[in-house]
Amino acid sequence: MSQPFRLDHGGRIDRDAPLQFTFDGRPINAYRGDTVASALLANGVTLVGRSFKHHRPRGIVSAGAEDPNAFVQIGHGARTLPNRLATVTAATPVLKVRHVNAWPTLEYDVMSVFGLAAPFIPAGFYYKTLMWPRRFWPLYEHFLRHAAGLGHAPDAPDPDRYDHVHAHCDVLVVGAGPAGLAAARAAAHTGARVILVDEQAEPGGSLLASRERVDDLPGPDWADAVTAELTAAPGVTLLPNTTAFGLYESNLVLLAERLITDQPDSAGSENGARVWRVLPKQIVLATGAHERPLLFANNDRPGVMLAGAISTYVRRYAVAPGSRAVLFTNNDSAYRTALDLTDAGVPVAAIADVRTDPDGDLPSEARAQGIPVHPGAVVRHAHGRGRVAAAELCSLDGAPLGAIECDLLGISGGFAPALHLHAQARGPSEWDPMLAAFAPKPGRGIHPAGAVAGELELAAALRQGTQAGSAAAAAAGRSNGSEPEVPRANDSAQAPIQPYWLPPGNLARAKPQFVDLHEDVTLDDLRLSLREGFESIEHVKRYTTLGMGPDQGKLANPLATGVIAELLGRDPASVGTPRHRPAYSPVSLGAIAGRHIGPLADPVRVTPMQEWHEAAGASFENVGQWRRAWYYPQPGESMHQAVARECLAVRHRVGILDYSTLGKIEITGPDAGEFLDRVYTNAWKRLRPGRCRYGLMLGEDGMIFDDGVTARLDDQRYLMFTSTSNAAPVLAWLEQWLQTEWPDLRVYLTSVSEHWSNIALAGPRSREVLAAAGTDIPLARDDFPFMTFREGQVAGVPARVFRISFSGELSYEINVPADRARHVWEALVDAGRPFGITPYGTETMHVLRAEKGFIIVGQETDGSVTPDDVGLGRLLSRRKDFLGKRSLSRPDSVRPDRKQLVGLLTDDPAQVLPEGGHVVDSPGPQRPLPMRGHVTSSYFSPVLGRSIALAMITGGRAALGERLHVATLHDDRWLPARSCHPVFYDPQGARQHV
Amino acid sequence: MSRSIPRRSPLGAIQSAESPAHNGQLAERPFLTHLNLRLDPADATALAAVHRVLGIKLPLTPNTTTAGDDLMAIWLGPDEWLLLADHHQSDALLADLQTALSGQFASVVDLSAGQTVIRLSGPSTLDVLARGCALDLHPSVFQPGACAQTLLARAQALLIAVDDTPTIDITVRRSFAPYVAAWLQDAARHFGLSFPESNTA
Amino acid sequence: MQFYSFPNLIRRGLRGHRDWTPAWRKAEPKPAYDVVIVGAGGHGLATAYYLAKLHGVTNVAVLERGWLGGGNIGRNTAIVRSNYLWDASAHIYEFSLKLWEGLSQELNYNVMFSQRGLLNIAHSEQEVRDLARRVGANQLNGIDAELLSTDEISKLVPILNTSPHTRYPVLGGTLQRRGGVARHDAVAWGYARAADALGVDIIENCEVTGIRTANGRVTALETTRGEIRAGTVGLVVAGNASVLASMAGIRLPIQSHPLQALVTEPLKPVFDPVVMSAAVHVYIHQTDRGELVLGAGIDAPVSYDLNGNFRIIEHVLAAVCELFPIFSRVRMLRQWAGTVDVCPDASPIISGTPIKGLFMNCGWGTGGFKATPGSGWVFAHTLAHQEPHPLNEPFALDRFTTGALIDEHGAAAVAH
Amino acid sequence: MLLIPCPWCGPREDDEFTFAGEADIPRPADPDALTDEQWADYLFMRDNRRGRHREQWCHTAGCRRWFIVERDTVTNEILGASTYGNSS
């Protein structure tokens with residue numbers, strides 16, 4: 001199929017590599033090297049979308065990331081890419097491109113009625129209406145929601161994965177236009193490690209469409225030569241198709257690299273992206289400038305295009321974006337476009353120049369070519385609906401100059417430096433009256449060069465780039481003494497621009513004149529905003545939604561600053577610009593997430609017995625990063641049945657639990673006892689070696705932080721067990737006190753959590769099992785009493801065995817090196833078979849400990865619970881200070897009606913109370929209903945044959961036996977219960993001593 | 001007696017009689033001796049005692065190592081080192097050090113079963129690590145003999161620059177090893193690297 | 001005050017919207033006021049409005065260092081809910097939620113309060129227990145709260161990944177149907193306009209530089225626009241509470257941290273309720289414009305810096321892609337931060353101070369937006385009567401001395 | 001992202017560290033001698049300064065040492081770091 005607007009020759013497209021994609025189902029012919037936008041233009045497609053609010057027809061405006069209109073949907077299904085810019089998306093075969101925000105078709109969009117209603121839906125109209133009747137708001141909102149939005153999210157999970165790379169370099173050069181290339185070359189010249197990035201598919205930037213020559217080569221050829229030189233240079237990384245989207249503190253720069261592929265399974269041109277996280281020593285910012293649009297009525301019509309973009313399409317893509325052009329400018333650059341169009345055989349019917357006396361080299365050349373130039377003239381109106389049909393000119397004082405037929409209207413309001421990255425990092429900038437824009441000043445480690453620094457002339461940009469590259473390398477500590485050569489260019493001197501913000505006089509009243517094309521923010525909207533007092537630039541932005549579209553207002557914001565300044569009669573410098581936020585161009589969430597998804601989302605920690613648990617059919621629960629065996633259902637068993645079986649096995653025979661996840665800290669040194677005295681509530685110095693003790697650790701606020709058993713290994717060594725989830729926090733807490741507050745204490749802390757696995761053997765037959773597995777430790781009750789530990793061998797493996805119990809049964813916690821733990825576990829299971837040994841999981845562990853009234857930190861406690869609250873006041877030493885002690889005497893800590901740990905027994909023994917259920921004295925319908933507390937743990941106790949629960953109840957201990965009611969959570973029922981002592985089973989603790 | 005009990009590394013390797021380290025580009029080096037040593041570097045007596053046992057001096061410069069024939073001392077902190085020995089006689093070395101340091105304020109703790117080493121070697125080593133490590137490991141910065149404790153993806157890791165192949169040894173805690181291995185495998189796939197068949201997590 | 005309505009919008013539209021007047025006057029500071037409120041954010045403006053409306057105190061100035069609404073009201077993720085754990089919090093947030101339900105009509109300003117439901121999801125057994133506890137407390141406090149199963153969650157938000165095989169399996173959740181979102185900027189503007197109409201002077205670009213006291217009483221404020229006398233001063237300066245308090249020699253139990261947030265490109269509607277996960281620090285909803293708004297965690301270090309922090313965004317988006325795998329290809333448009341003043345118990349301070357006449361309303365942490373109407377109501381009462389409203393009595397500064405903290409960490413472990 | 005200068009390991013990214021608030025808040029020698037107000041001041045009250053701030057950090061994923069950083073809380077500029085005991 002023909003490409004009616006493709007030029008016969010020129011451009012950097014590969015005419016030997018034709019390809020085809022579709023737009024709204026129509027085939028579009030293109031060449032390798034095209035963007036979707038250039039191909040659409042070549043095929044004569046000018047209508048690409050509908051605007052966000054008014055659904056007005058819109059066309060391509062730019063040739064880059066600043067385009068406010070060219071948003072399209074790419075592909076379907078799981079791999080679809082919503083809201084991609086046609087101007088930066090490379091044309092590839094199999095690409096399926098669709099319009100967004102129009103229905104049923106782009107040409108006949110039902111929602112375009114909004115365009116007709118535009119006079120009644122100005123900025124912020126929704127704040128003033130849709131309030132009545134109140135109950136209708138959800139309906140109104142439903143309509144608003146469905147009218148808004150742009151593209152469609154994928155409808156299935158993303159099948160693609162995204163790569164992340166950390167990178168370091170001496171000099172990062174952002175932008176590979178003339179200044180960036182010169183800078184990278186100068187920096188590389190010193191031997192520095194250089195990374196050069198550019199968002200376009202090939203380096204060169206404006207050179208790729210330039211008329212000028214550099215070092216006696218055509219601009220594009222010079223760019224190619226330097227690119228080749230940099231590619232070959234060691235230490236230089238060249239990243240095309242890569243957008244620097246964020247500059248953060250510490251000069252961290254985030255890059256998004258688009259990975260282009262033609263794979264048939266790829267619905268889009270971007271089936272992968274790679275995020276680079278670069279920490280450069282110095283940054284050369286060569287991000288260029290954005291051409292500013294101009295205001296006139298219907299300045300949003302398809303066919304209205306930035307002059308520089310026209311040049312780019314003509315020279316770089318060999319596309320004529322129209323067949324007859326009018327240009328409207330306030331500076332010299334549009335004349336270059338006029339010459340480019342003329343060269344390409346596209347007639348330029350007129351140039352309207354705001355300046356009364358445009359006399360630079362380029363205007364002279366244009367005049368010499370016979371292009372009609374209208375000095376002191378402006379475009380007041382664009383005619384045509386689906387596309388520009390004519391531009392109506394008038395003089396600055398409003399005198400009509402007639403309508404000139406055209407299908408292409410090139411505009412140039414000057415250039416605004418793309419200082420987004422610089423500003424994100426809070427780099428300083430100032431209003432440059434010569435540019436009529438904000439321009440950056442050098443910041444910490446940041447060297448602006450070229451157009452971003454306000455240098456629009458090629459020769460000067462090359463010089464500035466070279467200097468910036470050298471300076472950055474030197475600041476990074478690289479220099480080879482010799483100055484790099486500055487490339488020479490033959491560009492022409494430019495005449496100054498004449499700022500043009502508001503059309504003069506009554507022209508400014510014409511409607512509609514769009515300041516922000518994407519958000520449909522018009523000049524009238526800005527006026528309304530200011531009229532209603534929203535004058536601060538941030539207020540204007542928020543009230544009108546100026547600059548809030550996916551284009552981030554790249555074109556709109558620099559224009560708005562000038563317009564607002566003129567409307568308010570103020571200096572643009574004092575108006576400022578909305579704060580620049582990352583990202584410069586949008587970046588997909590998946591690319592930002594990188595490979596931290598799926599199985600790599602977060603470490604899953606498992607013990608050496610994991611495979612055994614899996615083979616035994618265990619169900620698992622997540623406890624922090626750990627995956628722990630929860631219960632071991634046998635075929636046909638419910639969770640409840642499995643847990644009941646496991647509980648009874650421990651109570652009557654013997655069970656085995658993988659308790660390896662507990663934190664374990666060795667505390668070594670002559671002052672270890674003193675240290676423990678300070679961090680635990682009870683006394684430690686006099687604990688004899690070989691013995692264990694339960695300890696409570698408080699925060700300085702007096703609230704329980706952690707608990708566990710600590711054993712004295714020998715004179716100068718203790719081993720502390722922490723709860724699973726507190727293993728790391730407790731170690732950090734102890735180190736903090738030791739290092740910052742008590743450096744005089746001679747104590748070393750070493751985590752041994754991972755070296756020692758912990759196997760708990762619990763139940764009346766556990767001693768026999770341990771003996772059968774083989775151990776050299778004497779096991780008789782008096783040889784190895786409760787709350788002691790022994791070292792020896794178990795099943796041939798060196799072990800530390802602790803006679804401690806979290807179940808209330810005779811129990812051994814057997815610590816063995818993790819690399820042999822599986823062997824010991826299997827040996828114990830084998831030895832236990834004749835005794836009916838049963839593996840049990842965390843759920844059974846919880847039931848057993850609840851039967852004994854043992855607390856779990858984080859379940860019975862919640863950061864607002866003191867030791868006395870849970871009945872552990874006896875562990876508070878009166879004879880010494882300890883962390884948190886002082887807080888326990890504050891008025892609230894000694895309040896008599898604090899919540900206290902009690903047991904609850906339901907009237908119906910089969911009724912298991914809901915955990916989290918709240919407890920009241922007397923049920924009733926009134927709300928709020930005074931509450932006494934809540935159920936912290938609740939289970940069916942198989943050994944007791946009834947339900948049990950632990951609860952925190954105000955004043956609970958003093959009133960044991962009182963009648964209470966627990967609310968259910970799903971239905972409005974009340975479950976009667978009586979409070980009781982929280983130890984339900986073996987209250988004397990006889991079983992653990994046998 | 002304990003030597004007859006087979007050991008299992010966190011990445012699935014089971015100790016055989018020879019137990020050689022795999023020479024592949026991405027492989028576990030299981031069953032090495034890992035001892036944590038704490039002492040005051042100003043304590044000349046303790047330093048000398050350690051020197052006598054190890055035959056090498058402890059590195060006192062942060063992020064450096066010292067190496068003997070089959071032993072490496074790795075700086076972990078101003079008063080903390082990891083001793084990494086190419087054999088699995090942790091008991092003997094532990095006992096020797098404890099004897100040499102007895103009566104002094106020092107601590108030697110065996111962590112051999114709690115950690116493992118993953119070796120990454122070959123021209124793409126640094127590219128693979130750059131996927132998840134924020135440090136600059138460029139050979140001009142991170143030379144053989146250097147070490148660094150840092151984060152690799154979302155796990156803590158100790159990196160040791162072994163040679164300029166480059167080869168990097170990554171020491172990780174046992175329970176994090178499967179995650180780190182899976183992560184490295186994923187990052188290395190692009191470069192055609194994977195764990196040996198018998199050694200995958 | 002010009003009445004906002006559909007007929008008026010049409011009428012003025014026909015005249016080109018030329019006769020709309022400023023939403024609030026640009027007031028010049030007078031030498032003295034009965035009450036001066038420092039901070040023209042949501043809470044400060046609401047306080048001024050209720051002072052004038054309910055207590056007849058109209059000789060009031062609201063001083064603002066920069067532009068009105070430029071602090072946390074302009075930076076938050078706009079979530080409104082009242083499902084707090086402890087009675088004191090539940091009561092004040094529920095009171096606030098009731099005010100939200102009629103706020104657009106009350107202010108004659110559409111704040112677009114959208115009760116689309118708020119879902120909290122749990123990923124571990126302990127989280128399920130914690131959520132159940134919260135639901136239990138909410139129900140008896142008269143706050144709508146439902147416990148949902150994984151299946152019910154899946155029906156409510158089908159795009160949420162509820163497979164048991166994810167890293168963060170969804171084990172259950174709670175739903176507050178009356179929860180939702182509002183248009184945050186509009187809240188500040190609506191209160192400003194309504195307060196202004198009642199005679200309150202709103203003075204922008206007026207920074208307080210000092211607080212004058214005599215005999216233990218506040219007497220005046222020094223500002224960049226001169227001295228302003230007042231016997232009653234309310235400091236409502238989220239993100240700057242410690243700084244202002246220090247001008248009066250008061251130290252607060254507050255640390256200020258940046259809270260990160262981000263917004264994506266606009267999409268056609270894909271889900272309705274607000275979804276929050278404490279474990280992975282995600283809260284997400286889709287705005288009426290179609291953007292996904294995501295709140296992330298707070299930066300660990302104390303800081304007043306408002307530049308975005310990429311690391312937190314990375315972490316949060318990994319979790320989002322796990323929970324909502326279809327969002328992986330959606331793109332982040334913008335990220336930003338706000339400064340949150342955090343108390344040790346994650347509850348606010350609405351209280352008198354050791355200086356008579358000087359009151360503080362601060363320390364809302366990540367929970368301030370949703371409290372705006374209720375906070376303004378009770379603080380107005382406090383200023384008018386020089387003593388707390390029953391709802392803010394528990395939020396006194398002296399709770400840090402007595403130990404009577406209202407520890408909402410469990411219920412508010414995630415920043416939101 | 002802050003680059004925190006660990007006095008031993010050198011500058012590292014902030015996710016290797018744990019932050020623990022203001023430095024220079026010594027634990028009172030005799031807590032029992034304090035009034036509730038004085039104890040509350042130690043426990044909870046903070047300067048929370050805009051500008052120069054001395055604060056505690058631990059190189060958790062590195063050498064596990066606690067040290068002091070001086071930082072400007074408005075610009076996040078790091079002004080210096082010192083170890084407990086001696087400056088570096």
Side-chain angles (χ1 to χ4, degrees), chain A residues 81-83 119-120 122 125-131 134 141 144-145 148-150 152-154 157-158 248-249 254 528 531-533 536 538-539 542 550 581-583 586-590 592-593 596-597 601-602 621-622 862-864 890-893 915-918 927-929 931 934 969, chain C residues 4-6 9-10 13 17 20 22-24 67 70 104-105 109-110 114 124-126 129 132-133 135-137 140-142 147 167 185-186 265-270 288-290 307-308 310 314 317-318 320-322 325-336 402-404 407 409-410:
Chain A
L81 299 164
N83 307 333
F120 306 106
F125 77 93
Y126 30 78
Y127 301 131
K128 295 182 175 127
T129 182
L130 310 179
M131 282 176 273
R134 193 173 126 187
E141 194 193 22
L144 285 179
R145 270 170 94 75
L150 214 54
H152 291 267
D158 191 346
Y248 296 84
E249 63 198 10
L254 267 296
L528 176 64
R531 187 177 297 135
E532 295 196 87
S536 151
E538 288 285 348
H539 272 160
R542 286 149 192 268
R581 299 282 184 192
V587 186
S588 78
L589 308 192
I592 294 173
H596 294 296
I597 54 165
D602 199 21
E621 72 164 329
N622 288 329
D862 60 5
S864 70
R890 292 178 301 172
D892 196 70
S893 308
E915 287 179 342
H918 276 66
R927 297 289 179 271
L929 189 63
M931 290 170 255
H934 71 287
L969 298 167
Chain C
Y4 286 172
S5 68
F6 183 67
L9 191 64
I10 299 293
H17 298 288
W20 291 109
W24 60 88
W67 43 280
S104 294
Q105 291 73 26
Y109 205 95
N110 191 348
S114 170
S124 71
E125 295 303 316
Q126 185 56 43
R129 267 190 290 271
R133 177 183 173 192
V135 162
L140 298 190
N141 268 322
L147 208 52
R167 183 65 185 87
D185 290 322
E265 60 198 343
L267 300 163
K268 293 296 178 193
V270 278
D288 286 344
R289 279 169 55 84
N307 281 0
F310 190 70
E314 260 176 316
L317 291 182
V320 165
C321 290
E322 272 296 283
I326 71 161
F327 289 159
S328 170
R329 296 167 95 82
V330 173
R331 294 180 303 169
M332 173 177 92
L333 196 55
R334 222 172 18 250
Q335 74 165 108
W336 68 94
T402 64
D407 197 337
H409 279 116

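Just so we're on the same page: letters track the sequence lines, and every chain starts at 1. Computation of the quantities below employed the complete heavy-atom set of this structure, encompassing side-chain atoms and omitting hydrogens, waters and symmetry-equivalent molecules.
Contact count against chain A (heavy-atom pairs under 4.5 Å) is highest for C:Leu140 among C:Asn307, C:Leu140, C:Leu317, C:Ile326. Ranked by non-hydrogen atom pairs under 4.5 Å with chain A, the options C:Gly308, C:Gly290, C:Ala132 are led by C:Ala132. Interface remark: of the candidates C:Arg129, C:Glu314, C:Gln126, C:Gln105, C:Arg129 forms the most heavy-atom pairs closer than 4.5 Å to chain A. Ranked by non-hydrogen atom pairs under 4.5 Å with chain C, the options A:Glu538, A:Arg531, A:His596 are led by A:Arg531. The residue among C:Trp24, C:Phe6, C:Phe310 with the most heavy atom pairs within less than 4.5 Å of chain A is C:Phe310. No other option in C:Ala186, C:Pro269, C:Gly70 has as many heavy-atom pairs under 4.5 Å with chain A as C:Pro269. Top candidate by heavy-atom pairs under 4.5 Å with chain C, chosen from A:Pro582, A:Ser893, A:Ala601, is A:Pro582.
For A:Met931, the part lying near chain C is the side chain, with the backbone staying farther off; criterion is any non-hydrogen pair under 4.5 Å. Residue contact with chain C, scored on non-hydrogen atoms closer than 4.5 Å, involves the side chain of A:Leu254 exclusively. With a 4.5 angstrom heavy-atom cutoff, C:Asp288 touches chain A via backbone and side-chain atoms both. Heavy-atom distances place the side chain of A:Tyr248, and not its backbone, under 4.5 Å from chain C. Contacts of A:Glu915 with chain C are made by both backbone and side-chain atoms, with heavy-atom separations under 4.5 Å. Both the backbone and the side chain of A:Leu969 come within contact range of chain C, with heavy atoms under 4.5 Å apart. For A:His934, the part lying near chain C is the side chain, with the backbone staying farther off; criterion is any non-hydrogen pair under 4.5 Å.
When all heavy atoms are compared, the tightest approach of C:Cys321 to A:Ala593 is SG-CB, 4.1 Å. When all heavy atoms of C:Val330 and A:Ala153 are compared, the closest pair comes out as CG2-CB, 4.4 Å. Here the closest heavy-atom approach between residue C:Arg329 and residue A:Asp158 is recorded as NH1-OD1, 2.8 Å. Annotation for A:Phe120 and C:Ile10: closest pair CE2-O, 3.6 Å, computed over non-hydrogen atoms. C:Pro266 and A:Gly149 make their closest contact through CB-CA, 4.0 Å (heavy atoms, listed as atom of the first residue, atom of the second, distance). The two atoms that bring C:Leu333 and A:Pro550 nearest to each other are CD1-CA, 3.1 Å, heavy atoms only.
Between the OG atom of A:Ser864 and the NE2 atom of C:His409 there is a distance of 12.0 Å, given to the nearest 0.5 Å. Here the CD-CG distance, from C:Glu125 to A:Asn622, works out to 9.5 Å after rounding to the nearest 0.5 Å. Rounding to the nearest 0.5 angstrom, the gap separating the CD atom in A:Glu141 from the CG atom in C:Asn110 is 9.5 Å. C:Arg133 contributes atom CZ, which lies 6.0 Å from atom NE2 of A:His918 (distance to the nearest 0.5 angstrom). Between A:Met131 atom CE and C:Tyr109 atom OH the span is 9.0 Å, to the nearest 0.5 Å. Separating the CG atom in A:Asp602 from the CZ atom in C:Arg167 is a distance of 4.5 Å, to the nearest 0.5 Å.
Ring geometry for A:His539 against C:Trp67 counts as perpendicular: the plane angle is over 60°, on a 0 to 90° scale with 30° as the lower cut.
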Worksheet item: Run the side-chain contact (heavy atoms from CB on, under 4.5 Å) check on A:Asn83 and C:Arg331 step by step: do they pass?
Response: CA-CA 9 Å; A:Asn83 307 333; C:Arg331 294 180 303 169; 4.2 Å; yes
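Using a distance-only test at 3.5 Å, with no hydrogens or angles considered, a donor-acceptor pair links the side chain of C:Lys268 to the main chain of A:Ala148.
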